[in-house]
Amino acid sequence: MGHPVTTNPFIIMMINMTVVFIVLVALSFLIQLIHKIDPTKEPEEKESAPQVEEDEMQRLIKNVKDSKVVTDRDIPGEDESIPEEVIAAIVAAIARCGITGEVRAVRMVERDTTAWKSNARSNIGSSK
Amino acid sequence: MEFIDAFSVSLQSVWNDSGFSSFTVGNGIMILVGLILLYMAFVKEFEPLLLGPIAFGCILANFPNTDFFGEEMNVMKAINFGITYEIFPPLIFLGIGAMTDFGPLLARPWTLLLGAAAQIGVFVALAGAMIVGFDVKEAAAIGIIGGADGPTSIYLSIKLAPHLLGAIAVAAYTYMSLVPMIQPPIMKLLTSQKEREVVMTELRTVTKFERVVFPIVATIFISLLLPPITALLGMLMLGNLFRESGVTDRLSDTAQNSLCNIVTIFLATGTGMTMNAKDFLVPETLLIICLGLIAFMGGTAGGVLLGKVMCRATGWKINPLIGSAGVSAVPMAARVSQLVGMKAKPGNYLLMHAMGPNVAGVIGTAVAAGTMLAMLK
């Protein structure tokens, strides 16, 4: 163009602003399109997945609440009941790991154990 | 006697060729300006990498009789060619592209709107400049200061108003270095404590496919739409492609380090050398600096205001503070969002969220420049 199309500052302002918005909105649609056609993205995170997971977790928690909480042996001075939120947290962690099935019981592990036993337990745990 | 005559003539000749014989008050003032900028760069650490060479270039430009821009080729003339022929700004964009992670933008494409809103300052300053008497091309070049993007400001002013290059470049880089001082009061003024405390959800994972395809698609789309800015946008995206492809690490490393540093030295020194007293000490310079500040403040306010709208529209899921990062000073503006957010709510990390609008701001400013070039050139 040899000469400016207009010299009215407000018209220039409005036209430019409109063009900038249109270009950037179009670019955002392009980004979404790229995301949609991306063949390498992980299998679509289903919209309903969190709900299913939530339902499964609630069911598991209910089962555990209904079942008996058992302990290896009575620990002197300790209340053997495990708080519900602790059970919920354990069940949620299990469900999150993708382990299916039911948690039927939660058992307290004795705390006044020797260092040898704790070591062995953690070794077994880490080897799994 | 003959010896004394010869000695006197020689002394006269040395004096006539020296800078002292042609030194003006204007040169003195500009050297003082250069020294103040040097102080700001090296003592106050305001953008020292840019302001340092600009300040020294300003001092060099005000020594009379240097013949930097005379007939014969010399290094200063070569540096000036790099600016005059728009070589350096695209090369800087290559480095910026290689340094920038587009991931936050790709994870939240709607942040492009914040980048667009922050360009409001550009157009407010353009209108203001025309009202105070600048012609439309000069006004466009002045307005782009509001984008807080040095290379784009230089690129546009070379094309539309080369005689204003020095003032525009200095205003742009000075305000960029003052981002941490200019933006927070505006951000606090326009947002409530509750808005500043909004915690945003984690960004989704962006795949390599998206990272590689985006620069290619964006280049094709924007270059076809706005050819005048193909050099800038194309180099930005090429740099980013080097970074994301995973097979051009050496090129990416060169673009973001050695090449970018070399070009920064040339561009900043060359910009400083446009600040000679004759062109710079004019009333327009003061106006440009004032208009630049208005542009910058307008841009910040535009981004934050749209951020507020988005905050309400999404049910308080967006912190409006990230809107201020829509001015494209990468990554300072994003860091300011982070700092203001952290002050309002310790532990609220907004940096990665603010990088989306920040990158959008770079693209938005280039698009604004392209639109003005298409309309006005």
Side-chain angles (χ1 to χ4, degrees), chain A residues 1-58 85 88-89 91-99, chain B residues 102 105-120 122-131 134-137 139-140 143 204-214 216-218 220-222 225-226 302 360 363-377:
Chain A
M1 262 175 245
H3 299 285
V5 282
T6 175
T7 51
N8 183 327
F10 296 103
I11 294 176
I12 293 172
M13 197 174 123
M14 293 314 296
I15 294 173
N16 276 277
M17 220 40 232
T18 310
V19 172
V20 169
F21 266 95
I22 289 173
V23 172
L24 293 189
V25 167
L27 214 52
S28 88
F29 281 122
L30 280 175
I31 293 173
Q32 288 174 38
L33 185 69
I34 293 168
H35 179 58
K36 280 223 161 57
I37 61 164
D38 180 1
T40 63
K41 73 179 168 200
E42 286 183 4
E44 194 58 54
E45 318 89 51
K46 291 155 214 145
E47 288 299 318
S48 56
Q51 189 55 43
V52 171
E53 210 170 73
E54 190 75 16
D55 293 345
E56 176 68 7
M57 218 176 282
Q58 289 302 326
E85 54 271 25
V91 174
I94 293 168
R96 192 78 192 151
C97 290
I99 299 167
Chain B
F102 282 5
L105 176 71
L106 298 174
R108 285 212 180 100
W110 49 260
T111 52
L112 277 160
L113 289 178
L114 294 170
Q119 306 311 314
I120 287 170
V122 171
F123 301 114
V124 168
L126 181 147
M130 287 186 76
I131 289 166
F134 287 100
D135 72 35
V136 64
K137 289 184 179 180
R204 74 166 170 85
T205 312
V206 177
T207 64
K208 189 177 174 183
F209 176 84
E210 289 173 277
R211 288 175 184 276
V212 171
V213 171
F214 172 70
I216 300 168
V217 171
I220 294 169
F221 173 66
I222 298 175
L225 195 69
L226 297 165
I363 299 171
T365 308
V367 170
T371 312
M372 290 199 277
L373 279 173
M375 276 185 78
L376 307 174
K377 199 159 182 249

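Predicted, not measured: the structure shown is a model, and the values here were computed from it. Order of the sequence lines fixes the chain letters, A, B, ..., with proteins taken first and strands second; residue numbering starts at 1 for each chain. Computed over heavy atoms, backbone and side chain alike; hydrogens, waters and symmetry mates excluded.
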Measure across Ser28(A) and Pro109(B) and return the closest heavy-atom pair with its distance rounded to 0.1 Å.
CB-O, 3.4 Å
Highest number of heavy-atom pairs under 4.5 Å with chain B: which of Val20(A), Asp38(A), Leu27(A)?
Asp38(A)
Apply the side chain to side chain contact (heavy atoms under 4.5 Å, CB included) test between Leu112(B) and each candidate in Ile31(A), Leu30(A), Val23(A), Val25(A); give the one that qualifies.
Ile31(A)
Under 4.5 Å from any heavy atom of chain A - which part of Ala140(B)
neither
Examine whether an atom of Ile131(B) lies under 4.5 Å from a heavy atom of chain A, and if so say whether it belongs to the side chain, the backbone or both; otherwise answer neither.
side chain
Side chain, backbone, both or neither of Phe221(B) within contact of chain A (heavy atoms, under 4.5 Å):
side chain
In this structure, CG of Leu24(A) is separated from CG of Leu114(B) (nearest 0.5 Å) by 10.5 Å
Here the gap from Ile12(A) atom CD1 to Met375(B) atom CE, rounded to the nearest 0.5 Å, amounts to 5.0 Å
Examine whether an atom of Phe10(A) lies under 4.5 Å from a heavy atom of chain B, and if so say whether it belongs to the side chain, the backbone or both; otherwise answer neither.
side chain
Hey, could you give me the CD1/CZ distance between Ile37(A) and Phe209(B), rounded to the nearest 0.5 Å?
4.5 Å
How many angstroms lie between CD in Glu210(B) and CD in Gln32(A), if you round to the nearest 0.5 Å?
10.5 Å
In terms of heavy-atom contacts, Ala368(B) and Asn16(A) come closest through O-OD1, 4.0 Å
Is Leu225(B) in contact with chain A via its backbone, its side chain, both, or neither, using a 4.5 Å heavy-atom distance?
side chain
Quick check for you: to the nearest 0.5 Å, what is the distance between Lys41(A) atom NZ and Thr205(B) atom OG1?
13.0 Å
For Ala116(B) and Met17(A), work out which heavy atoms get closest and say how close.
O-CE, 3.3 Å
Side chain to side chain contact (heavy atoms under 4.5 Å, CB included) involving Ile11(A) - partner list, sequence neighbours excluded
Thr6(A), Asn8(A), Ile15(A)
Identify, with sequence neighbours excluded, every residue that meets side chain to side chain contact (heavy atoms under 4.5 Å, CB included) alongside Ala125(B).
Ala295(B)
Drop me the distance from Thr207(B)'s OG1 to His35(A)'s NE2, to the nearest 0.5 angstrom.
8.0 Å
